[in-house]
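This report refers to the structure that appears directly beneath it.
Here, residue 1 is the first one in the sequence, and each next residue gets the next number. Computed from a predicted structure; not experimentally measured.
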Amino acid sequence: MKRVVAIALFAVVTTLVGTATIASAAELAVRERIEAHGDRVLLGDLILAGLPAELADVFVAKAPPLGDERVLTGSFIAGRIRQAGGRDLAVRIPAQVVISSPAQTISADALRAEIETQLRQLAGDPNLPVKFPAKVRDALVPPGDVTIRCEWPDGVPVAGRRPATVRIAGAGFEKKMMIDVEIDTPQQVVVAKNAIPKGRAVTSDDIRIEPVSAKRVRGRVARSPDMVVGRVARRAVANGETLREDALTTAAVIRRGDVVKLQVVSQGVQLTAFAVAQREGREGETIDVRNMDSGVIVKARVRDAHTVTVEL
């Protein structure tokens with residue numbers, strides 16, 4: 001009788017131990033599919049429950065890029081558990097584990113609309129013409145609420161073509177993008193309102209101020225009347241032409257045949273004579289003058305309407 005009772009008790013105990021082992025093994029189970037939230041996958045992400053705290057933060061693998069999947073083999077995961085000190089743990093591991101990085105898409109249309117809105121606010125112009133010369137692509141970002149911020153350099157006019165910095169931010173992440181924008185803000189320039197012949201000085205009656213497309217503003221374009229009035233056309237200027245600084249020059253201050261003071265400077269010593277200009281000259285130009293005493297022709301720099309200088 002005692003033998004029968006002992007056998008029965010042994011059977012009950014064996015059953016309970018087996019159940020506990022099975023329950024433990026069921027708790028320590030690696031999931032077949034998980035979603036990565038961040039750029040690292042840890043053991044604590046793979047195992048449902050029951051993992052010792054010191055093993056939960058053990059690195060397993062890098063997370064796949066947003067919107068992609070990565071497959072880890074069961075043998076690789078088992079090796080990481082053993083390396084981390086979990087050699088004695090009973091863990092059920094599938095043949096492979098699929099890790100996905102969930103994402104949401106911000107469409108290119110939404111990005112363009114937000115950039116246009118923010119640039120118009122920065123410029124204080126609700127009708128600011130904003131174009132995108134290069135293709136704008138959809139943006140993949142983690143799920144959840146996000147903010148889109150378009151940045152423009154401080155002190156730089158919201159005009160012309162340049163890359164704008166776009167930051168998309170949410171809980172625990174930020175994505176930076178550079179998106180080319182072209183803002184065709186009209187520029188005020190000086191335009192000839194009649195033909196100006198070569199060699200004639202420009203007067204205020206010859207010009208008008210006119211807004212033109214920023215695409216047409218290239219190089220050193222005159223933007224105000226005081227940049228052109230009184231200057232001389234280097235070449236013929238057509239009616240309606242945008243005036244460029246290099247198309248104009250200063251008026252001659254010395255005419256051919258003018259008698260001027262010739263200053264010769266050498267090692268701190270200055271000699272003065274009179275000379276005759278052989279051609280017209282503007283301030284800063286070098287012209288030929290003939291010394292009235294010696295008859296020798298020398299090259300001298302025009303200082304003003306009455307004086308030329310030679311430095312030896």
Side-chain angles (χ1 to χ4, degrees), residues 153 155-162 182-312:
V156 176
V158 184
R161 177 173 175 171
R162 64 178 300 118
E182 184 176 311
I183 303 167
D184 193 14
T185 306
Q187 305 287 306
Q188 299 293 326
V189 298
V190 179
V191 176
K193 66 180 182 182
N194 51 254
I196 304 171
K198 178 182 178 180
R200 182 166 73 74
V202 179
T203 69
S204 58
D205 293 333
D206 293 324
I207 60 172
R208 66 177 181 269
I209 303 297
E210 185 176 288
V212 300
S213 167
K215 291 182 179 180
R216 291 176 52 193
V217 181
R218 294 289 184 270
R220 301 181 65 181
V221 174
R223 299 175 184 270
S224 64
D226 59 4
M227 296 177 70
V228 299
V229 172
R231 303 192 73 191
V232 176
R234 290 181 181 270
R235 56 172 176 77
V237 177
N239 180 16
E241 181 181 340
T242 300
L243 289 176
R244 296 171 54 89
E245 291 185 63
D246 55 11
L248 306 171
T249 185
T250 55
V253 295
I254 293 177
R255 302 292 177 184
R256 181 179 180 181
D258 285 353
V259 176
V260 294
K261 184 187 297 184
L262 172 62
Q263 295 179 338
V264 181
V265 180
S266 176
Q267 297 180 348
V269 178
Q270 178 175 300
L271 301 175
T272 301
F274 287 96
V276 178
Q278 301 301 289
R279 68 174 182 85
E280 69 178 19
R282 297 167 179 81
E283 289 185 10
E285 280 189 330
T286 298
I287 64 172
D288 290 339
V289 297
R290 180 173 54 82
N291 188 317
M292 295 179 67
D293 293 331
S294 65
V296 175
I297 295 177
V298 297
K299 294 186 179 297
R301 184 177 296 277
V302 177
R303 196 173 76 181
D304 55 38
H306 310 288
T307 311
V308 297
T309 60
V310 176
E311 295 185 2
L312 301 178

Inset, instruction - Give, for atom OG1 of T249 and atom CZ of R234, the distance between the pair rounded to the nearest 0.5 Å. - result: 4.0 Å

Legend entry - Closest non-hydrogen atom pair between A222 and V228, with its separation: CB-CG1, 3.5 Å

Inset, instruction - Determine yes or no for a side-chain-to-main-chain donor-acceptor pair under 3.5 angstrom, with R301 supplying the side chain and G284 the backbone. - result: yes

Legend entry - R256 CZ: over 12 foreign heavy atoms closer than 6.0 Å: no

Inset, instruction - Would you mind checking if R255 and E280 are paired as a salt bridge, meaning a charged N to carboxylate O distance below 4.0 Å? - result: yes

Inset, instruction - Please round to the nearest 0.5 Å and tell me the distance separating atom CD of E283 and atom CD1 of I254. - result: 9.0 Å

Inset, instruction - Considering non-hydrogen atoms only, spot the tightest contact between P153 and R162 and give its length. - result: CG-NH2, 3.4 Å

Legend entry - Contact summary for G230 and A251, nearest pair of heavy atoms: O-CB, 4.1 Å

Legend entry - Reference residue L262; test side-chain contact (heavy atoms from CB on, under 4.5 Å); the match among T272, D293, V298: V298

Inset, instruction - Report the distance from atom CG of D246 to atom CZ of R235, rounding to the nearest 0.5 Å. - result: 7.5 Å

Legend entry - Flag if over 12 foreign heavy atoms under 6.0 Å of NZ, K193: yes

Inset, instruction - Could you give me the CA-CA distance, side-chain angles and deciding distance for V302 and R282, then say whether side-chain contact (heavy atoms from CB on, under 4.5 Å) is met? - result: CA-CA 6 Å; V302 177; R282 297 167 179 81; over 6 Å; no

Inset, instruction - Taking atom types as modelled, find out whether T203 and D205 have a side-chain donor-acceptor pair closer than 3.5 angstrom. - result: no

Legend entry - Test side-chain contact (heavy atoms from CB on, under 4.5 Å) applied to V260 and H306, step by step: CA-CA 5 Å; V260 294; H306 310 288; 5.9 Å; no

Inset, instruction - Evaluate whether atom CD of E311 has more than 12 neighbouring non-hydrogen atoms of other residues, nucleotides or ligands under 6.0 angstrom away. - result: no

Inset, instruction - Please tell me if the side chains of V276 and M292 come closer than 4.5 Å, counting only heavy atoms from C-beta onward. - result: yes

Inset, instruction - Work out which heavy atom in Q278 is nearest to a heavy atom in I297; give both atom names and the distance. - result: OE1-CD1, 4.3 Å

Inset, instruction - Answer yes or no: is there a side-chain heavy-atom contact under 4.5 Å between V265 and T309? - result: no

Legend entry - Closest contact, heavy atoms only, A192 versus A238: CB-O, 3.6 Å

Inset, instruction - Quick one: pull up CZ in R220 and CG in L248 and give me the separation to the nearest 0.5 Å. - result: 11.0 Å

Legend entry - Closest non-hydrogen atom pair between A300 and V310, with its separation: CB-CG2, 3.6 Å

Inset, instruction - Hey, could you give me the OG1/CD1 distance between T242 and I207, rounded to the nearest 0.5 Å? - result: 12.0 Å

Legend entry - Between CD on residue E285 and OG1 on residue T250, distance to nearest 0.5 Å: 6.5 Å

